[in-house]
Number of protein chains: 2
Amino acid sequence: MADVARLAGVAISTVSRALANPGRVNEKTRAKINAAARQLGYTPNAMARGLRVGKSNIIMIILPGSLYYGASQVIPQVLQSINKSLIQGGYNLMIANLDRDEISERHILDLAFGGSVRGAIILSSKLPEVDGRSLANSGLPIVSMLLDMSDAGLQSVVTNDREAVRDVTAELIRLGHRRFFYLAGPEGNYHDVERYGGVLEALEAAGLSEDSVHRSGGHLDYQHGFDIGVQAADDFAELTEKPTAVIATSDDMAISFVSRIQRTGLSIPGDVSVVSFDGSPVCEFCSPPLSTIKQPVEEMGRAAVDLLLDAIDQRQNTAAVRTVIRSSLILRESIAAPKN
Amino acid sequence: MADVARLAGVAISTVSRALANPGRVNEKTRAKINAAARQLGYTPNAMARGLRVGKSNIIMIILPGSLYYGASQVIPQVLQSINKSLIQGGYNLMIANLDRDEISERHILDLAFGGSVRGAIILSSKLPEVDGRSLANSGLPIVSMLLDMSDAGLQSVVTNDREAVRDVTAELIRLGHRRFFYLAGPEGNYHDVERYGGVLEALEAAGLSEDSVHRSGGHLDYQHGFDIGVQAADDFAELTEKPTAVIATSDDMAISFVSRIQRTGLSIPGDVSVVSFDGSPVCEFCSPPLSTIKQPVEEMGRAAVDLLLDAIDQRQNTAAVRTVIRSSLILRESIAAPKN
DNA sequence: CAGCTTATAGCAAACGTTTGCCAAAAACCG
DNA sequence: CGGTTTTTGGCAAACGTTTGCTATAAGCTG
């Protein structure tokens with residue numbers, strides 16, 4: 001910067017202002033300074049600036065470590081959409097993994113308390129906390145996404161899991177289905193609770209008992225989507241009185257489940273109707289094409305970023321703590337009325 | 001830090017050394033300092049440290065912007081594996097997108113020249129360069145992954161695309177196939193060149209002419225994997241003399257292609273054999289299960305990180321500039337001998 | 001215990017910016 | 001043209017670390 005100042009024949013402070021604080025310096029000197037900077041190939045040092053102003057321009061996204069985002073269909077899309085929105089706001093995206101070990105917790109806390117990041121978007125239900133330091137009172141703006149953590153006081157961007165599942169279940173009931181097979185993700189997980197809750201609500205509304213749904217899975221996380229479906233197919237084969245409709249909590253498990261039970265001679269939707277959650281593109285090309293509840297991940301990502309930047313800029317977050325973006329059912333051939 | 005020093009009854013410099021430079025300070029005072037730090041909930045400021053030592057602990061991964069990594073099957077896995085390796089080395093991963101516009105190029109250059117990042121892993125064939133600043137001579141250690149950029153002097157970690165495709169083509173020829181359908185990704189792209197080259201090599205080795213392969217696609221990038229397959233199926237339907245074997249350059253396009261031509265009454269592998277590239281898990285659950293060439297993305301990610309950290313630590317990179325990690329063919333039911 | 005070596009602690013100067021405050025220059029006004 | 005306001009530029013002090021150098025304390029040796 002000193003070099004630029006010398007070349008342009010001005011003081012260092014003027015250069016700083018010309019580059020960062022437009023308006024504060026004469027248009028003419030500013031042009032001169034820009035020219036000098038370009039000529040010297042000068043780029044301001046981000047860390048020096050960050051140190052001085054006490055702010056970083058990095059946002060971290062905290063991903064649950066167990067969630068293998070190569071396999072899960074939604075995480076990559078979330079990353080993409082968040083990153084895109086952040087860049088437009090002049091921020092950069094850093095990835096942080098929150099595993100079950102203390103190491104990763106400490107790592108994230110160091111990032112937060114060490115001034116490295118300016119805000120966080122969290123996709124995990126656990127807030128890192130160790131040795132008295134806790135993400136919650138790091139002073140860092142945080143917004144939760146996918147999971148509702150408004151109880152913990154976090155702005156949360158979620159979809160209407162419960163309602164969407166309730167509606168699709170109701171639709172299946174309307175078609176005549178009475179026996180259901182529910183394919184669970186990690187048990188007790190927010191999504192599992194909400195989605196299963198949606199099933200139960202629909203049953204109750206139709207005057208059906210809770211016994212009309214058989215629960216399978218629940219002891220693996222979404223990382224093992226395909227495995228869950230495979231195991232569930234075995235589970236399904238054991239049942240004497242077969243359910244006629246399957247509700248899966250992710251596309252992956254639906255796909256492997258369908259593949260396996262077709263192999264046992266069952267046809268879809270002839271013998272069994274199937275619907276799943278996520279809305280991944282591949283569903284369209286399965287045989288039969290799978291009905292799926294499409295999560296609006298792009299919109300959710302955008303919304304999360306908007307909320308976060310608002311919080312950073314201290315704009316009053318008059319908005320609700322919980323932002324819901326509705327899922328939409330994509331109806332395909334995997335659903336039909338039961339045989340008789 | 002001053003507070004910690006005061007509480008521990010030592011000088012600031014001693015605190016610094018105790019925290020960063022172990023060994024240089026007495027074990028006893030160090031314990032005292034650690035205790036004080038914990039009690040005060042002190043975390044060293046990363047930017048101040050970075051400024052002082054002139055180094056950041058952030059690595060950026062440069063992704064081609066057009067590549068929609070929610071859709072492409074391999075990018076998420078790459079991210080996962082790279083991040084995991086980096087964390088073990090004490091580094092953080094930042095995502096940077098390289099689009100076709102100058103904005104994103106400038107953005108990346110600012111990151112590189114502004115001291116924000118310590119090294120880069122690049123998955124794009126274009127090195128940002130604008131206004132005389134160029135990533136190539138930023139002094140930043142860079143390694144290329146997936147694409148061979150050893151010509152540009154970059155350490156490159158790739159798989160043996162050409163060889164793998166050549167081998168599988170040869171195998172198809174051995175089974176009796178003589179007419180091929182090649183499903184291209186972005187034309188001129190490194191992967192396209194290599195993989196198509198592999199096909200041609202196998203044909204030549206078997207004494208078959210280049211006319212025995214029909215090329216389809218090539219005008220969309222991998223982002224539109226499914227679309228490519230759909231269009232290719234239309235293309236396929238036009239052909240009077242149908243090929244008996246299809247070689248697709250990504251799983252996505254294979255999946256949509258298969259779905260569509262099955263709909264026209266063709267059976268796989270009865271009428272057409274199909275093999276694709278990537279090795280995504282979903283292939284196992286297609287009907288029929290798809291043969292695919294599995295890219296060793298995890299190993300490639302690890303290797304790329306190893307090379308990068310070596311370069312950062314100035315360890316002599318006596319190793320070859322080009323690191324090849326072999327793909328492996330996963331043979332499933334989508335391949336058989338042609339009908340007659 | 002004096003004289004030496006070695007381990008440990010402290011001082012203060014960087015690192016490259018931004019910014020509050022003041023001075024100088026320019027513009028405006030009567 | 002003198003006086004007043006506004007614009008623009010410069011000085012120097014931060015921001016929170018690390019680290020070369022020096023001073024002190026501790027440990028050893030004869």
Side-chain angles (χ1 to χ4, degrees), chain A residues 1-37 40-58 90 109-118 133 138-139, chain B residues 1-37 40-58 90 109-118 133 138-139:
Chain A
M1 201 162 195
D3 295 343
V4 176
R6 203 173 311 126
L7 180 57
V10 298
I12 295 186
S13 56
T14 309
V15 176
S16 171
R17 275 191 272 261
L19 264 39
N21 243 348
R24 185 75 178 69
V25 55
N26 191 329
E27 182 53 45
K28 212 153 163 193
T29 37
R30 187 164 132 210
K32 208 163 47 183
I33 289 173
N34 276 331
L40 293 174
Y42 166 77
T43 307
N45 182 298
M47 291 198 296
R49 165 179 292 166
L51 174 61
R52 174 61 226 238
V53 304
K55 298 167 179 168
S56 126
N57 68 339
I58 300 177
L109 288 169
D110 285 348
L111 249 24
F113 284 87
S116 299
V117 305
R118 190 70 196 288
R133 298 184 307 173
S138 64
Chain B
M1 202 162 196
D3 295 343
V4 176
R6 204 172 311 125
L7 180 57
V10 298
I12 295 185
S13 55
T14 308
V15 176
S16 171
R17 275 190 272 262
L19 264 40
N21 244 345
R24 188 77 178 70
V25 56
N26 191 329
E27 183 51 46
K28 212 153 164 192
T29 37
R30 188 165 132 208
K32 209 164 45 183
I33 289 172
N34 277 331
L40 293 173
Y42 166 77
T43 307
N45 182 298
M47 292 199 294
R49 165 178 293 166
L51 174 60
R52 174 59 225 243
V53 304
K55 298 167 180 168
S56 127
N57 69 338
I58 301 177
L109 288 168
D110 285 348
L111 249 23
F113 283 87
S116 299
V117 305
R118 190 71 195 289
R133 297 184 308 173
S138 64

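First the proteins, then the strands, lettered A, B, ... as listed; each starts at 1. Computation of the quantities below employed the complete heavy-atom set of this structure, encompassing side-chain atoms and omitting hydrogens, waters and symmetry-equivalent molecules.
- Closest-nucleotide positions on DNA chain D for B:Leu51 and B:Thr14 were compared, and the one nearer the 5' end corresponds to B:Leu51.
- The two residues B:Gly41 and A:Arg133 have their closest heavy-atom pair at O-CD, 4.3 Å.
- Relative to the axis of its first five pairs, the axis of the last five pairs of the helix from C:dC1-D:dG30 to C:dG30-D:dC1 sits at 30°, rounded to 10 degrees.
- Here A:Thr14 contributes atom OG1 and A:Arg17 contributes atom CZ; the two are 6.0 Å apart, rounded to the nearest 0.5 Å.
- In this structure, CZ of B:Phe113 is placed 16 Å from P of C:dG16, rounded to the nearest angstrom.
- Atom P of nucleotide D:dA25 and atom NZ of B:Lys28 are separated by 17 Å, given to the nearest angstrom.
- Considering all non-hydrogen atoms of both residues, B:Ile33 and B:Ala18 come closest at CD1-CB, 3.6 Å.
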What pairs of nitrogen or oxygen atoms, one from the protein and one from nucleotides 11-14 of chain C, lie under 3.5 Å apart?
unit_1, atom_1, unit_2, atom_2, d
C:dC11, N4, B:Ser13, OG, 3.4
C:dA14, N3, B:Arg52, NH1, 3.1

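- Of all nucleotides listed (D:dG16, D:dG9, D:dT19), D:dG9 comes nearest to the side chain of A:Asn26.
- Atom CG of residue B:Leu51 and atom CZ of residue A:Arg52 lie 12.5 Å apart, to the nearest 0.5 angstrom.
- For the atom pair B:Arg49 CZ and A:Ser116 OG, the distance stands at 10.0 Å (nearest 0.5 Å).
- In plain terms, the two heavy atoms of B:Ala8 and B:Ala36 that are nearest each other are CB-CB, 4.1 Å.
- Atom P of nucleotide C:dT18 and atom CD1 of A:Ile33 are separated by 12 Å, given to the nearest angstrom.
- The structure places CG of B:Asn34 at 10.0 Å from OG1 of B:Thr29, a figure rounded to the nearest 0.5 Å.
- Mapping B:Glu27 and B:Ala48 onto DNA chain C by nearest heavy atom places B:Glu27 closer to the 5' end of the strand.
- For C:dA9, the OP1/OP2 oxygens have a side-chain nitrogen or oxygen of B:Thr29 closer than 4.0 Å.
- In this structure, the CG atom of A:Leu19 is 17 Å from the P atom of D:dT8, given to the nearest Å.
- When rounded to the nearest whole Å, the span between CE of A:Met47 and P of C:dT18 equals 14 Å.
- Regarding B:Met1, its CE atom lies at a distance of 15 Å from the P atom of D:dC15, rounded to whole Å.
- Of the inter-residue distances, the one linking B:Met1 atom CE with B:Leu40 atom CG reads 12.5 Å to the nearest 0.5 angstrom.
- In this structure, the CZ atom of A:Arg49 is 19 Å from the P atom of C:dC15, given to the nearest Å.
- For the pair B:Ile58/A:Ile58, a side-chain contact is recorded, criterion being any heavy-atom separation below 4.5 Å from C-beta on.
- Between A:Lys32 atom NZ and D:dG9 atom C1' there is a gap of 11 Å when expressed in whole angstrom units.
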